[in-house]
Amino acid sequence: MGEKHATVNYVFDHSPYKLFQFHYLVLKEMEKRGYHPDQRWYDPCYRGKYCPNYQRLDSVELTNPIYPEHNQKYLTVCLLNLQNKGIILDM
């Protein structure tokens with residue numbers, strides 16, 4: 001596994017199933033935009049080409065937001081990060 005990044009460290013404090021729930025939303029958005037994601041990503045135990053699959057992963061309740069860290073402050077930090085990279089989003 002690679003190094004942790006300051007804006008995403010929090011994911012390691014939660015069940016990996018939360019990351020699957022987040023990925024699922026991304027997958028559905030990709031489909032909506034006409035993309036065809038690899039079907040393996042719809043399996044909560046799949047971890048990509050380079051990490052072994054989970055042998056078992058208990059599901060957890062879907063919350064809104066998925067991660068409690070996804071609040072207004074976090075959104076502002078993310079938008080500023082993108083802005084510093086020349087990406088401006090109208091919200």
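When reading the values below, keep in mind they use all heavy atoms of this one structure, side chains included, and skip hydrogens, waters and symmetry mates.
Considering SG of Cys45 and CD of Gln55, their distance stands at 8.0 Å, rounded to 0.5 Å. Taken from CG in Asn84 to CG in Leu82, the straight-line distance is 9.0 Å, to the nearest 0.5 Å. Note that the CG atom of Asp38 and the CG atom of Asp43 stand 11.0 Å from one another [nearest 0.5 Å]. Rounding to the nearest 0.5 Å gives a distance of 5.5 Å between CD of Gln21 and CD1 of Ile66. Remark: Leu75 CG to Asn71 CG distance equals 9.0 Å, nearest 0.5 Å.
In terms of heavy-atom proximity, Tyr17 sits nearest to Ser59 at CZ-CB, 3.6 Å. Minimum heavy-atom separation, His14 to Pro68: CE1-CD, 3.7 Å. Here the closest non-hydrogen pair linking Tyr67 and Lys18 is OH-C, 3.4 Å.
Within the 4.5 Å cutoff, the side chain of Glu29 has no heavy atoms near those of the Leu27 side chain. Residues Pro52 and Arg47 have side chains in contact (heavy-atom distance under 4.5 Å, counting atoms from C-beta outward). Between Pro37 and Glu31 there is a side-chain heavy-atom pair separated by less than 4.5 Å. For the pair Glu69/Val11, no side-chain contact is recorded, criterion being any heavy-atom separation below 4.5 Å from C-beta on. Between Gln83 and Leu89 the shortest side-chain heavy-atom distance does not fall below 4.5 Å. No side-chain heavy atom of Ile87 sits under 4.5 Å from any side-chain heavy atom of Asn81. Residues Leu57 and Pro16 form a side-chain contact, since some pair of their non-hydrogen atoms from C-beta on lies under 4.5 Å apart.
With hydrophobic clusters built from ILVMFWY side chains whose heavy atoms lie under 4.5 angstrom apart, Tyr50 does not share a cluster with Trp41. One hydrophobic cluster holds both Tyr74 and Val26 under the rule that ILVMFWY side chains link at heavy-atom gaps under 4.5 Å. One hydrophobic cluster holds both Phe12 and Leu19 under the rule that ILVMFWY side chains link at heavy-atom gaps under 4.5 Å.
Aromatic ring pairs are classed by plane angle as parallel below 30°, tilted from 30° to 60° and perpendicular above 60°; the pair Tyr24 and Tyr42 is perpendicular.
In summary, the side chains of His23 and Tyr46 do not present any donor paired with an acceptor at a separation below 3.5 Å, with no hydrogens or angles considered.
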Between His70 and Tyr10, is a ring-ring contact (aromatic ring centres under 6.0 Å, His included) present by the stated rule, with each step listed? CA-CA 10 Å; His70 287 184; Tyr10 64 88; 5.4 Å; yes
